[in-house]
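Since the structure comes first, as C-alpha cells, the remarks are kept for the end.
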Number of protein chains: 2
Amino acid sequence: MKNTSLDKTDKAILKMLQQDCTLSVSEIAERVALTTTPCWKRIQRLEQQNIISKRVALLKPQNIGLDLVVVVMIKTSNHESTWLEKFAEHAASFDEVVEFYRLSGIYDYMLKVIVPDMSSFDVFYKKLVAKVNIAEVTSSFAMEQIKYTTALPIK
Amino acid sequence: MKNTSLDKTDKAILKMLQQDCTLSVSEIAERVALTTTPCWKRIQRLEQQNIISKRVALLKPQNIGLDLVVVVMIKTSNHESTWLEKFAEHAASFDEVVEFYRLSGIYDYMLKVIVPDMSSFDVFYKKLVAKVNIAEVTSSFAMEQIKYTTALPIK
DNA sequence: GTTGAAACGTATCTACC
DNA sequence: GGTAGATACGTTTCAAC
C-alpha cells in the first residue's frame, strides 16, 4: 500500500478514531464540519487504503491480573541469518511477547513482555532462552507505566 | 477497580474483542455458544468493570509516513522526586512518545518514540533533552518490527 | 462537496421463563 | 443461563443538487 496524502480532515478523523472507534459517523462528521455521507466515504477510503488497519478493544492489564511489564534487551552471539530468523520466530510465538524489535546499537533485540507476576516471568524466561544461544540478556522490570498509547503522532 | 475472576467464556470474548472489536454481539455469541442477550450482558459487565477500557482504531504507521521507531533508554543524574516528576511530565507530553516506563535495572527510563524519519527524531530529541539534565541517553533505532500487538496474553 | 430519506441491520433493554 | 419482542440507533446507499 503506497503512501497517500491526507488532508486536514482525514487527519482529524484519524485522530478521533485512534482515541475512540465507537464514535458514530454522524458524531465524527459533526466534529469535522461535514455531513455523514462524505465523512463515511472518507472513513471507507481510509480503511481500503489500509491506513486504518484494524479496530480493537484495549484491556486494562491490572484488571485481569497482568501486573508486570518487562523490557528484555538481547545481544546475540550468532549473527547468521538462519539463526536470527529461527530466534525471531521462536520469541514472537509467545503470547507474552507483545512487542519485538530488531535494533541498531548496543543491543540486537528488544522485547516487551507482559506477565502476571515475577514467577510467571521466570517460567517465560526459561522457555525463551531454552532453545537458543544468546550472548547477553538484560531484563528490566517496569516499576511504573508513565505512558502507553496506541495513537500514532499524526502531525 | 478490583480484580475480577473471569470464566472461560469471558476470556474467549475478550480474546476476540482484542483482535477485532467490530464483531457484532450475535457473531461473538455464536462463537462462544451463547445467545445474544447473555453475551451482550457479559460485554456490558466487562466494560463496567473497566476490563475493556476502550475501543480504538489502529493505524498502519508506514501508510501515514511514520517509518521510524526509536527505543530511548535513559539514565538520570538527578534522583529527586520533584525532578523525576517534572521530567516524566515533560517527556510524556510529546505525541511522539507512545510508551514510557520507569524501569528497574541499569536504565531508569525507557521511551518508545515514533517519528517519520531520522531528521524528525533529531528535532524531537533536541526538544526532549533541552529542558532537563540527563546523565546518559542511548537511542536505538528499530531496524525491523518483528511483532506488535495490543492483545494482552489472557491465559 | 451538500441534503434528505429510505432500507436495513444491530444494539439495547424489557419482560418473562 | 434462556427466548421473544419493541424500540431506538447506526450504518449504508441512493437520488438530486
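The aromatic rings of A:F141 and A:F121 stand perpendicular to each other, their planes meeting at an angle above 60°, with 30° marking the opposite boundary.
The side chain of B:S24 contributes no N or O atom lying less than 4.0 Å from OP1 or OP2 of C:dT10.
A:D117 and A:S120 share a side-chain donor-acceptor pair at under 3.5 Å. Counting only N and O atoms by type, the side chains of B:S53 and B:N50 include no donor and acceptor under 3.5 Å apart. A side-chain N or O of B:S26 and one of B:S24 form a donor-acceptor pair less than 3.5 Å apart.
Within the nucleic acid shown, A:A29 has no heavy atom closer than 4.0 Å to any nucleic acid atom.
As a whole-Å value, the separation of B:L34 CG from D:dG2 C1' is 10 Å. Between B:R45 atom CZ and C:dC13 atom P the separation is 16 Å, expressed in whole Å. To the nearest angstrom, C1' of C:dA11 lies 15 Å from CD of B:E27. The separation between B:I43 atom CD1 and C:dT12 atom C1' is 12 Å, rounded to whole Å. Following rounding to the nearest Å, B:K41 (NZ) and D:dT3 (P) show an atom-to-atom distance of 12 Å. Following rounding to the nearest Å, A:R55 (CZ) and D:dG10 (P) show an atom-to-atom distance of 15 Å.
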Inset, instruction - Summarise how protein sits on nucleotides 12-17 of chain D as a single string, 5' to 3': B when a protein heavy atom is under 4.0 Å from the base, S for sugar-phosphate-only contact, - for no contact. - result: SBB---

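The 12-atom threshold is not exceeded at NZ of A:K86, counting heavy atoms of other residues, nucleotides or ligands nearer than 6.0 Å.
B:Y101 pairs in a side-chain hydrogen bond (donor to acceptor under 3.5 Å, both in side chains) with only one of the listed residues (A:K147, A:K112, A:E144), which is A:K112.
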